[in-house]
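So the structure is just underneath, and the comments pick up after that.
Every number for a ligand or one of its atoms is a count from 1 in the order of the listing.
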Amino acid sequence: MRILVVEDDVNLNRQLSDALKESGYVVDTAFDGEEGHFLGDTEPYDAVILDIGLPEMDGITVVEKWRSNGKGMPVLMLTARDRWSDKVAGIDAGADDYVAKPFHVEEVLARVRALIRRAAGHSSSEIVCGPVRLDTKASKATVDGVTLKLTSHEFRLLSYLMHHMGTVVSRTELVEHMYDQDFDRDSNTIEVFVGRLRKKIGVDLIETVRGLGYRMQAPADAQ
Ligand code: CA
C-alpha cells in the first residue's frame with residue numbers, strides 16, 4: 001500500500017511519514033500543493049493525506065483538480081481546528097474524510113486504514129482469506145493463528161493482494177503500490193517475493209494468472 005503525504009510543515013510531514021512507514025506503508029512526500037497535485041495526478045496511491053493550507057496551490061484546489069481529472073483515490077484532509085468551513089469545503093471538493101489539527105498520529109493512521117479498507121470493499125479491520133488473516137490494525141498476518149514472519153516487502157505484497165482478494169493484480173500494479181517513486185523498480189523481483197510469500201503461507205492461495213498477474217483467493221471462493 002502506497003501513501004502520499006502532502007504537508008508543508010516539514011516536521012509534521014516527517015512525523016506522519018515515519019508513522020506510516022512503521023505501519024508497513026510505502027510513502028511519498030510533497031511539501032507544496034503543486035508538487036502534491038502532480039504526484040497524485042501521475043502516480044497511483046492507495047490513499048493521500050492532504051493538508052488544506054499549502055503553498056503554491058491550496059489543498060481544496062488540489063483535491064478538486066484530481067476529482068475533475070477522474071482520480072478517485074481516498075483523500076484524508078488535514079484542517080485547522082476551528083475552521084469548520086474548511087471541512088465542509090474539503091468534503092465538497094471531493095475529500096473522503098478529515099482530521100483537525102492538532103491530532104494524534106494514531107487517529108490519522110486509523111482513518112487511513114479505514115479509507116483504504118473501504119475503498120477496497122472491506123468493512124472490518126481484519127481481512128480473511130482461508131486460513132490467512134490480515135490484521136490491518138497491527139500490520140501483521142497469521143496462518144491458522146500462527147504469526148507470519150514477513151519482511152516489509154512481503155507484508156506489503158500480502159496486504160495489497162488481500163485487500164484486492166479475488167481480482168487479478170498485475171505485476172506492474174504491484175510494483176507501483178509496493179515501492180516509492182525513487183525506488184529502482186524491477187517487476188521481476190515481484191515474482192521472487194510472491195515465491196517467498198507462498199512458501200511462508202504454506203497453503204496455495206496465490207494463483208498465477210498467465211500473462212496477467214496474480215490472484216489471491218480462498219479455495220472455497222475459487223470457481
Ligand atoms: Ca500547512
Side-chain angles (χ1 to χ4, degrees), residues 1-120 125 136-139 152 155-156 159-160 163 176-183 185:
M1 296 290 161
R2 188 173 169 201
I3 316 273
L4 172 64
V5 177
V6 190
E7 166 62 66
D8 57 315
D9 180 323
V10 177
N11 287 328
L12 191 53
N13 193 316
R14 186 179 309 135
Q15 198 190 341
L16 285 168
S17 319
D18 287 351
L20 288 162
K21 285 177 195 164
E22 259 171 53
S23 298
Y25 298 102
V26 58
V27 182
D28 286 340
T29 53
F31 298 88
D32 67 63
E34 254 173 36
E35 187 190 11
H37 170 258
F38 174 76
L39 283 174
D41 221 27
T42 51
E43 298 284 331
Y45 292 103
D46 297 292
V48 178
I49 298 173
L50 177 66
D51 187 29
I52 282 203
L54 290 168
E56 311 299 337
M57 192 190 293
D58 67 88
I60 307 264
T61 309
V62 171
V63 76
E64 252 168 13
K65 281 178 158 248
W66 282 337
R67 296 314 190 217
S68 68
N69 199 23
K71 297 281 164 191
M73 67 286 202
V75 174
L76 175 71
M77 293 215 106
L78 304 178
T79 68
R81 188 160 55 110
D82 296 324
R83 297 288 297 273
W84 67 267
S85 54
D86 278 356
K87 297 166 192 165
V88 174
I91 299 287
D92 279 346
D96 300 276
D97 198 2
Y98 65 82
V99 173
K101 292 179 182 178
F103 49 73
H104 290 282
V105 171
E106 284 71 22
E107 183 182 355
V108 174
L109 291 177
R111 288 182 184 275
V112 166
R113 283 196 298 271
L115 285 176
I116 291 176
R117 260 185 355 240
R118 271 188 252 129
S125 69
T136 63
K137 199 173 151 204
S139 304
S152 56
F155 179 79
R156 275 182 221 145
S159 175
Y160 196 84
H163 274 83
E176 284 175 342
H177 290 267
M178 281 175 61
Y179 302 111
D180 62 44
Q181 55 167 343
D182 300 324
F183 199 88
R185 300 166 184 184

Checklist entry - Atom CG of Asp51 and atom CG of Leu12: how far apart are they, to the nearest 0.5 Å? => result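 Nearest 0.5 Å value for the CG-CG distance: 7.5 Å.
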Checklist entry - Does the pair Asp41/Lys65 count as a salt bridge with the N-to-O cut at 4.0 Å? => result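 No.
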Item to check | Salt-bridge present (Arg113, Asp97; N to O < 4.0 Å) | outcome: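 Salt bridge between Arg113 and Asp97, a charged N being under 4.0 Å from a carboxylate O: no.
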Checklist entry - Of all N/O/S atoms in Asp51, which lies nearest to the Ca ion (ligand 1)? => result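 Output for this pair reads OD2.
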Checklist entry - Below 3.0 Å, any N, O or S contact between Asp8 and the Ca ion (ligand 1)? => result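 Yes, since at least one N, O or S atom of Asp8 sits under 3.0 Å from the Ca ion (ligand 1).
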Checklist entry - Does Leu54 bring an N, O or S atom to within less than 3.0 Å of the Ca ion (ligand 1)? => result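 It does not; every qualifying atom lies at 3.0 Å or beyond.
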Next on the checklist: Does Arg83, at its CZ atom, have more than 12 non-hydrogen atoms belonging to other residues, nucleotides or ligands within less than 6.0 Å?
Outcome noted: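 Result for CZ/Arg83: open.
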